[in-house]
Asks: 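Quick one: structure below, then a few questions.
What you see below is based on every heavy atom in this structure, not just the backbone, and it leaves out hydrogens, waters and symmetry mates.
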Amino acid sequence: MAFHIIIQQNEKVDRLMKDVFRFGIIGCGDIAGHFAQAVESLDGAVIEAVAARDAGRARDFARRHAIRQYYGDYAQMLQNSTLDGVYVA
């Protein structure tokens with residue numbers, strides 16, 4: 001019975017996660033930072049990935065804003081199938 005309950009909880013989490021809009025951000029400047037702060041204050045939206053020409057800059061931005069994925073190549077991020085939209089900063 002406990003196993004069945006765990007499966008139901010996971011299915012519920014999967015349904016809830018589909019209601020979250022996942023953004024990607026291209027660019028890591030000041031405007032991107034303001035956008036990231038705005039998204040962080042929203043329910044139902046997260047920033048899933050960030051890309052910059054400099055992977056180190058993308059990594060630092062991702063760390064500051066708790067973003068799970070970062071890229072040093074824009075095209076690579078755009079191939080990410082989990083993104084619902086991309087903000088170009």
Asks: Taking all non-hydrogen atoms of both residues into account, name the closest pair between V20 and V46 and its distance.
Replies: CG1-CG2, 3.7 Å
Asks: Would F23 end up clustered with V50 when hydrophobic side chains under 4.5 Å apart are linked, directly or stepwise?
Replies: yes
Asks: If every non-hydrogen atom of R57 is compared with every non-hydrogen atom of G29, which pair is closest and at what distance?
Replies: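 Shortest heavy-atom contact: NH2-CA, 3.8 Å.
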Asks: Start with the C-alpha distance between F61 and I25, add both sets of side-chain angles, then the distance that settles side-chain contact (heavy atoms from CB on, under 4.5 Å), and finish with yes or no.
Replies: CA-CA 10 Å; F61 187 92; I25 299 177; 4.2 Å; yes
Asks: Checking E48 against N80: is there a side-chain donor and acceptor pair closer than 3.5 Å?
Replies: no
Asks: Once rounded to the nearest 0.5 Å, what's the spacing between atom CG of L78 and atom OH of Y71?
Replies: 9.5 Å
Asks: Where do A36 and H65 come nearest, in terms of heavy atoms and distance?
Replies: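 Scanning both residues, the minimum pair turns out to be CB-ND1, 3.6 Å.
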Asks: What are the two closest heavy atoms between Y70 and A62, and how far apart are they?
Replies: CB-CB, 4.0 Å
Asks: Does R53 have more than 12 heavy atoms from other residues, nucleotides or ligands lying within 6.0 Å of its CZ?
Replies: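 Counting neighbours around CZ of R53, 12 or fewer heavy atoms of other residues, nucleotides or ligands fall under 6.0 Å, so no.
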Asks: Is it the case that one hydrophobic cluster holds both F21 and V86, taking links as side-chain heavy atoms less than 4.5 Å apart, direct or via other members?
Replies: no
Asks: Can you measure from CG (L42) to CD1 (I47) and round to the nearest 0.5 angstrom?
Replies: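 It is 9.5 Å, given to the nearest 0.5 Å.
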Asks: List the atom of A58, the atom of C28, and the distance in Å for their closest heavy-atom pair.
Replies: CA-SG, 3.8 Å
Asks: Does R59, at its CZ atom, have more than 12 non-hydrogen atoms belonging to other residues, nucleotides or ligands within less than 6.0 Å?
Replies: yes
Asks: Does the plane of the ring in F35 sit parallel, tilted or perpendicular to the ring in Y87? Use 30° and 60° as the thresholds.
Replies: parallel
Asks: Please round to the nearest 0.5 Å and tell me the distance separating atom CZ of R22 and atom CG of L83.
Replies: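 The CZ atom of R22 sits 9.0 Å away from the CG atom of L83.
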